[in-house]
Amino acid sequence: MGEARGTEPEAGSRRLPSYDGGRAGGGWQAGDGDRAGPGGRQGPPGPPPALRVRGLRKRFGEQEAVAGIDLELPAGRFAGLVGPNGAGKTTTLSMVTGLLRPDEGLVQIVGRDVWSDPVDVKSRIGVLPEGLRLFERLSGRELLTFTGRLRGLPVGDVDLRATQLLDVLDLTGAQHKLVVDYSTGMRKKIGLAAALLHNPEVLFLDEPFEGVDPVSAQVIRGVLVRYTSSGGTVVFSSHVMELVESLCDWVAVMAAGRIVAHGPLAEVRGGAATLQDAFLSLVGADRGTAGDLDWLGGGPK
Ligand SMILES: Nc1ncnc2c1ncn2[C@@H]1O[C@H](COP(=O)(O)OP(=O)(O)OP(=O)(O)O)[C@@H](O)[C@H]1O
């Protein structure tokens, strides 16, 4: 993969004004990361964005899953990637995290190219992928030990961090149980622990709350909020707008392989009462009706 070809703003993407959420050098910038200061002066270069995507594209046969997207996310944000089924969220996250090779485009994480510098990038990110595959015949504790050692952490650090993560994620009682016997929520939590163990700079989570009960969801939220409040960046995909609205300060909305809006939550929500309303309008789903199903009903036959 070479340099990005598609650096033009996408057709149909809502361009939002520049934003500096009060963080010196860390504000959100539309488009190409314009660093010009007041009066058009060129300021000192700030830290690289947590994520920079240019012209990212992926096709499966006839299906254009991701149609050339641009994104720029400053560090320290809690970012939500939302979109209807089949919008291209998982494909995007897979390309961004080095799990799926793009047809075209550039992905940088904290200034490093994901595809030309994979070892460095992978040491800086944590990933909770969709359909998480784990080593089922290890216990939760063994899985964390294995992951930590694979990451090159010293034994003592792995042990301490694993103990703390198991405790915070309420898995201490299940630490010696095999992962194959874990529930969906427990699998998400042990996957999250494995993704956090090496203290990554950016954490990518595909549907981290799917199939998770409210108590476990609250625990996961607490860990993620703690992580972002100490400077980590989270990017997660979700269908649950209330969750995205309550957790995220930055949102990207995808539909049919394109980014249709992105930026600070308040600006993506715009004049809509809720993010859900804005989302339905952005993806054109507010026009759907169930009117044709007049045969459907649970009353007496
Ligand atoms: N390996 C694949 N082979 C063929 N088509 C694929 C493959 N992966 C994804 N697609 C197609 O690409 C499109 C985007 O899929 P993707 O899984 O990225 O969407 P999504 O936004 O994550 O959806 P969901 O919210 O339902 O998980 C879909 O039309 C899907 O059928």
Side-chain angles (χ1 to χ4, degrees), residues 1 4 6 10-14 51 53-71 73 78-107 109 114-115 125-134 184-185 187-188 191-192 195 202-212 217 220 224 234-248 250-263 265 268 274-288 290:
M1 188 192 66
E10 292 162 70
S13 174
R14 188 201 288 179
L51 173 66
V53 169
R54 291 283 176 270
L56 193 65
R57 200 177 286 278
K58 184 74 185 179
R59 175 180 283 279
F60 297 108
E62 291 299 296
Q63 174 75 42
E64 187 153 57
V66 175
I69 63 171
D70 298 340
L71 278 176
L73 175 69
F78 206 134
L81 177 61
V82 299
N85 293 130
K89 303 180 295 296
T90 295
T91 307
T92 300
L93 287 180
S94 302
M95 290 193 286
V96 160
T97 52
L99 297 172
L100 178 69
R101 191 171 283 278
D103 293 339
E104 220 175 274
L106 171 89
V107 181
I109 290 176
V114 169
W115 291 95
I125 64 173
V127 185
L128 184 72
E130 194 201 32
L132 181 63
R133 287 188 201 91
L134 298 167
T184 306
R187 295 173 71 84
K188 292 270 183 193
L192 178 63
V202 191
L203 190 59
F204 294 94
L205 313 166
D206 201 346
E207 297 282 354
F209 298 98
E210 201 177 49
V212 173
I220 292 176
L224 297 181
V234 171
V235 182
F236 80 102
S237 70
S238 180
H239 297 113
V240 187
M241 290 305 138
E242 294 80 10
L243 192 75
V244 172
E245 192 155 21
S246 66
L247 275 178
C248 296
W250 194 97
V251 182
V253 182
M254 279 195 89
R258 294 177 190 281
I259 301 290
V260 292
H262 67 289
L265 173 72
V268 170
T274 63
L275 182 62
Q276 166 95 354
D277 292 342
F279 172 81
L280 293 175
S281 151
L282 281 163
V283 303
D286 50 348
R287 295 183 291 279

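When a ligand or atom number is given, it counts from 1 through the structure's own listing order.
Looking only at protein heavy atoms, the nearest one to atom 23 (O) of ligand 1 is Gly86 N, 2.8 Å. The shortest contact between atom 19 (O) of ligand 1 and any protein heavy atom is with Gly88 N, 3.2 Å. In this structure, the protein non-hydrogen atom closest to atom 27 (O) of ligand 1 is Glu130 OE2, 3.9 Å.
Between Gly83 and ligand 1 there is no heavy-atom distance shorter than 4.0 Å. Taking a 4.0 Å cut-off on heavy atoms, His239 registers as neighbouring ligand 1.
For atom 31 (O) of ligand 1, no protein heavy-atom neighbour is present inside the 4.0 Å cut-off. Within 4.0 Å of atom 9 (C) of ligand 1, at least one protein heavy atom is present.
Although no hydrogens or angles enter the test, the distance criterion places no donor-acceptor pair under 3.5 Å between the side chain of Lys188 and the main chain of Ala217. One N or O on the side chain of Glu245 and one on the backbone of Leu275 form a donor-acceptor pair closer than 3.5 Å. Remark: side-chain polar atoms of Asp103 are paired, donor with acceptor, to backbone N or O of Arg59 under 3.5 angstrom. The main-chain N or O of Asp206 is never found under 3.5 Å from a side-chain atom of Ser237 such that the two would form a donor-acceptor pair. Side chain of Ser281 to main chain of Asp277: no donor-acceptor pair is present (N/O by atom type, distance under 3.5 Å, no hydrogens or angles).
When Val82, Thr91, Val66 are checked for heavy-atom proximity to atom 15 (O) of ligand 1, Thr91 turns out nearest. Around atom 12 (O) of ligand 1, the closest heavy atom drawn from Gly61, Gly257, Ala65 belongs to Ala65.
Considering all non-hydrogen atoms of both residues, Met254 and Val283 come closest at O-CG1, 4.1 Å.
Taking only nitrogen or oxygen atoms, main chain and side chain alike, Thr90 reaches within less than 3.5 Å of ligand 1. Residue contacts with ligand 1: Asn85 is placed with a nitrogen or oxygen under 3.5 Å of a nitrogen or oxygen of the ligand (distance criterion only). At a 3.5 angstrom cut-off on N or O pairs, Phe60 does not count as close to ligand 1.
If you run side chain to side chain contact (heavy atoms under 4.5 Å, CB included) between Val66 and each of Met95, Lys89, Arg57, only Met95 comes through. Of the options Thr97, Leu71, Thr92, Leu73, a side chain to side chain contact (heavy atoms under 4.5 Å, CB included) to Val235 is made by Leu73 and by none of the others.
Within the 4.0 Å heavy-atom criterion, neither part of Met254 lies near ligand 1. With a 4.0 Å cut-off on non-hydrogen atoms, Ser237 does not touch ligand 1 at all.
Within the 4.5 Å cutoff, no side-chain heavy atoms of Val244 are placed close to those of Phe279.
Below 4.0 Å from some heavy atom of Ala87 lie the following atoms of ligand 1, by number and element: 19 (O), 20 (P), 21 (O).
To the nearest 0.5 Å, the span separating CG on Leu128 from CG on Leu203 amounts to 7.5 Å.
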